[in-house]
Amino acid sequence: MQITHENPTAEEDLERMRDMLDQWRRLSTGKRDERRCLPRHDYATTAIVSVDYTPSDAKEESGPKLQAVFESWTRDLSATGVSLLFPRHLSPQSESKHERAETIDLYEVLNRGDEIQVGLPKSAGRILWMRSVIRRLRRVQDFVLDCGVQFAERL
């Protein structure tokens, strides 16, 4: 899958967000209902994400979908899902062959329950593709989304 959009968020902003989320997790451990039955493991790397979306100029929500493929950061991983940090806005790559590439506000196009494809790095440069369902989606500051996905099936 070819990357069609790029992430304009700076690396230092990402580190600040990871630190904030880790601090929040430490403070809230044991103080909330933990629904996970399997442990999470730190997994700080990048993943490739493919999202189908309706273009902003579409007349109807049921019209043809476009696909955005971009790199995302990962936070942690379990046997059933992964936590991702998305940039809120994606910019089309300048050399993108995507005929209708546009800047995308992921907060406007993604919802809980949506299906996305997540590509996780394996050894020797290979990628494990998983069809996944968004279970959690929340804004962290104004430029990053914290997204928890549950794996549905291997592709």
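With sequence neighbours excluded, the residues satisfying salt bridge (charged side-chain N to carboxylate O under 4.0 Å, His left out) with E115 are R131. Every residue meeting the side chain to side chain donor-acceptor pair (under 3.5 Å) condition with D105, not counting sequence neighbours, appears here in chain and number order: R88.
Listed here is the closest heavy atom pair of D114 and V109: OD2-O, 3.7 Å. The nearest pair of heavy atoms linking A79 to F151 is O-CD1, 3.9 Å.
For the side chain to side chain contact (heavy atoms under 4.5 Å, CB included) test with W129, the passing option among Q117, R154, E153 is Q117; the others fail.
Taking 4.5 Å as the limit, every side-chain heavy atom of T74 sits out of range of all side-chain heavy atoms of T46. The closest side-chain heavy-atom distance from V49 to V69 is not below 4.5 Å. The shortest distance between side-chain heavy atoms of L145 and Y107 falls below 4.5 Å.
In this structure, D146 pairs ionically with R75, as a charged nitrogen and a carboxylate oxygen lie closer than 4.0 Å.
Between the side chain of S91 and the backbone N or O of T103 there is no donor-acceptor pair closer than 3.5 Å.
Atoms CE and OG1, on M130 and T80 in that order, are 10.0 Å from each other to the nearest 0.5 Å.
When ring centroids are compared, F86 and F70 come within the 6.0 Å threshold.
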Let me check something: any side-chain donor-acceptor pairs from residues 118-127 under 3.5 Å, sequence neighbours excluded? List them with distances.
{"from": "S123", "atom 1": "OG", "to": "R126", "atom 2": "NH2", "distance (Å)": "3.4"}
{"from": "R126", "atom 1": "NE", "to": "S123", "atom 2": "O", "distance (Å)": "3.4"}

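Under the 4.5 Å side-chain heavy-atom criterion for ILVMFWY residues, a single connected hydrophobic cluster contains both I116 and Y43.
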